[in-house]
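Everything on this sheet refers to the single structure shown next.
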Protein chains: 2
Amino acid sequence: MEYTIQKLSRLAGVSTRTLRYYDEIGILKPARMNSSGYRIYGQAEVDMLQQILFYKELGVSLDQIKQILSDPNFNSLNALREHHQQLLDKRKQLDFLIANVQKTIDAKEGRMTMSDREKFEGFKKKMIEDNEKKYGEEIREKYGEDTVKKSYEKFKNMTEEEYEEVTRLGQAVNDTLSEAIKTGDPGSRLAQKAAELHKQWLTFYWPEYSKEAHAGLGQMYVDDERFKAYYDQVHPNAAEFLRDAILIYTGLKK
Amino acid sequence: MEYTIQKLSRLAGVSTRTLRYYDEIGILKPARMNSSGYRIYGQAEVDMLQQILFYKELGVSLDQIKQILSDPNFNSLNALREHHQQLLDKRKQLDFLIANVQKTIDAKEGRMTMSDREKFEGFKKKMIEDNEKKYGEEIREKYGEDTVKKSYEKFKNMTEEEYEEVTRLGQAVNDTLSEAIKTGDPGSRLAQKAAELHKQWLTFYWPEYSKEAHAGLGQMYVDDERFKAYYDQVHPNAAEFLRDAILIYTGLKK
DNA sequence: GTACACCTTGACGCAACGTCAATGTCAAAT
DNA sequence: ATTTGACATTGACGTTGCGTCAAGGTGTAC
């Protein structure tokens, strides 16, 4: 079956402007243009638009959607499975929000008290999920799904005080690292302090600490451009320096 | 407890830029500025921000949120109750999406077939909800919650053919109305045809037809600027003319 | 005093369209 | 053949809600 632009826009619940825009940016091209210059969409485009709308529902930018869909390895069945999982996650977030509003009502009606932090439960999940989306894949591959889940649970239950503590620790790592680099020696007292502080920071996120995982993370900071860029903001070559300091601290230096 | 801008942004999971923007547009002013010119937020602002985030989660524009929150009659407990309801509705939509993706997977794996229209189930709900949001309150007040629910269910189950039929009918109403106005007589054959077509159009949306409801809707078209503006696009004074035609058609003309 | 985290204002840019203008195409009615 | 109205095109401006950056002030610990 074929659709002109208005037909498809009504079918899918998007505007014709949206479809023209998608053609323009190359995310959803019509099957063909007829002799009058009208866009004609076919079955493949229907399915493609469905995928686009799922990705959009899950907060993915059009630029990213374009990259994903144009990948020769794109597999629509796998994508659909992933959408399913993400939608279930999204539903969980919504459940948090629903619980939050119920709690807020109870608090307003005097049945309970509620901390300021609790008032934003469910919203904040967006930030955590964004972070997860950014790094989650790599961390999953390296440490497994279970570790990530536990880490997530631990982070979620963090109190406000703990949150501030971990923020301070993260900063202390950077501070000490910056100073330690001046010594030029990853084995120096300051460098070892940085590694120690880094470990303490990690204990807020990891259910269990292991020297191997710690050292692996240090290596990841060097191998992954995003982490490397973050630490190199502290000081050029900070990622390598921290990795080396961790290797010495953990006793795993080769 | 008081918060500087970064404290509140971290608490709520929004950026400092967002909070400054909210100050700028007057939607969330800080409690005070300290002697250094720093924004200081208090308990009232925390609660206000929570409300804002709920409204945002529910798709309300900042402009509208501002209007709602600055209304002297704004009642936060009632607002929270409404958020709760809306979040439950939103979860329903999400459930539709989840069902959709599951069905699409089944179809892809050859276990069932799926129409193009079904592929967009759940997304289209956005359009319906937008429509509901636009007119829903007024219709609810006039005809009660039950009627709206049934109407919603009926619309949801509309087939593609029915959808096209109702679209055609809506157009036919406008066409005939435009012609009938030329007669200047709401009792003329053409005007009565417009009212008849309007009734047929309504039967797609209303579970039950009544002359009183029909006449009431005609009056609503005149009283409500949004409806009036829509019909007056067809022809100046079309809203009044259609109302009069309906009154005659229903025999309820006084 | 210095360094660093945090704060301000101002301003430019962006994503994803919505809206509008001008004009071409199609199909049915006259 | 002409008219009318629905549908289509391209081009272009504008909007919402920030993200990002620059320049410079403030607070606190060393």
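Every heavy atom of this structure was used, including side-chain atoms; hydrogens, water molecules and symmetry mates were not. In what follows, every chain begins at residue 1, and chains take the letters A, B, ... in the order their sequences are listed.
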Inset, instruction - Might you point out which heavy atoms bring Phe241(A) and Leu177(A) nearest each other, and give the distance in Å? - result: CD2-CD1, 3.8 Å
Legend entry - Backbone N/O of Val14(B) and side chain of Thr18(B): donor-acceptor pair under 3.5 Å: no
Side-chain donor-acceptor pairs under 3.5 Å in residues 36-43 of chain B, sequence neighbours left out?
residue: Arg39(B); atom: NE; partner: Asp23(B); partner atom: OD2; Å: 2.8
residue: Arg39(B); atom: NH2; partner: Asp23(B); partner atom: OD2; Å: 3.3
residue: Gln43(B); atom: NE2; partner: Asp116(A); partner atom: OD1; Å: 3.0

Inset, instruction - Tell me, with the steps shown, if Lys7(B) and Glu2(B) meet salt bridge (charged side-chain N to carboxylate O under 4.0 Å, His left out). - result: CA-CA 9 Å; Lys7(B) 284 290 173 72; Glu2(B) 293 194 327; over 6 Å; no
Inset, instruction - Have a look at Thr16(A) and say if it touches a base, only the backbone sugar-phosphate, or nothing, with a 4.0 Å heavy-atom cut-off. - result: nothing
Legend entry - Contacts of Asp185(B) that satisfy side-chain contact (heavy atoms from CB on, under 4.5 Å) - sequence neighbours left out: Thr183(B), Ser188(B)
Inset, instruction - Would you please confirm or rule out a distance under 4.0 Å between OP1 or OP2 of dC18(D) and any side-chain N or O of Lys56(B)? - result: yes
Inset, instruction - Please answer whether the main-chain N or O of Glu24(B) pairs with a side-chain N or O of Lys29(B) as donor and acceptor at a distance below 3.5 Å. - result: no
Inset, instruction - May I ask you to list the residues of residues 23-32 of chain A, by number, that have any heavy atom positioned under 4.0 Å from an atom of DNA chain C? - result: none
Legend entry - Exam field: side chain Gln192(B) to backbone Ala245(B), donor-acceptor pair closer than 3.5 Å: yes
Legend entry - Short side-chain N/O contact to dC18(D) OP1/OP2 from Tyr22(B), under 4.0 Å: yes
Legend entry - Arg39(B) side chain near dT9(C) phosphate (N/O to OP1/OP2, under 4.0 Å): yes
Inset, instruction - Check whether any side-chain N or O of Lys66(A) sits under 3.5 Å from a backbone N or O of Ile25(A) as a donor-acceptor pair, and report yes or no. - result: yes
Legend entry - For the student: nearest non-hydrogen atoms of Pro186(B) and Ala191(B), plus distance: O-CB, 3.3 Å
All N/O contacts under 3.5 Å from nucleotides 24-28 of chain C to the protein, with atom names and distances to one decimal?
residue: dG24(C); atom: N2; partner: Tyr38(A); partner atom: OH; Å: 2.7
residue: dT25(C); atom: O4'; partner: Tyr38(A); partner atom: OH; Å: 3.4
residue: dT25(C); atom: O3'; partner: Ser36(A); partner atom: OG; Å: 2.8
residue: dT25(C); atom: O2; partner: Tyr38(A); partner atom: OH; Å: 3.4
residue: dC26(C); atom: OP1; partner: Ser36(A); partner atom: OG; Å: 2.5

Legend entry - Strand contacts (DNA chain D) in residues 45-52 of chain B, 4.0 angstrom heavy-atom criterion: none
Inset, instruction - Send over the distance from Leu62(B) CG to dT15(D) C1', rounded to a whole Å. - result: 13 Å
Inset, instruction - Would you tell me whether Gln86(A) and Glu82(A) have side-chain atoms, one donor and one acceptor, within less than 3.5 Å of each other? - result: yes
Filtered N/O pairs between nucleotides 19-22 of chain D and protein, under 3.5 Å:
residue: dG19(D); atom: OP2; partner: Ser15(B); partner atom: OG; Å: 2.6
residue: dG19(D); atom: N7; partner: Arg17(B); partner atom: NE; Å: 3.3
residue: dG19(D); atom: O6; partner: Arg17(B); partner atom: NH2; Å: 3.4
residue: dT20(D); atom: O4; partner: Arg17(B); partner atom: NE; Å: 3.1

Inset, instruction - Specify the separation, in whole Å, of atom CD of Gln64(B) and atom C1' of dG17(D). - result: 15 Å
Inset, instruction - Using distance alone, with no hydrogens and no angle criterion, decide if Gln51(B) and His83(B) have a side-chain donor and acceptor under 3.5 Å apart. - result: yes
Legend entry - Rounded distance (Å) that lies between atom P of dC7(C) and atom CE of Met33(B): 12 Å
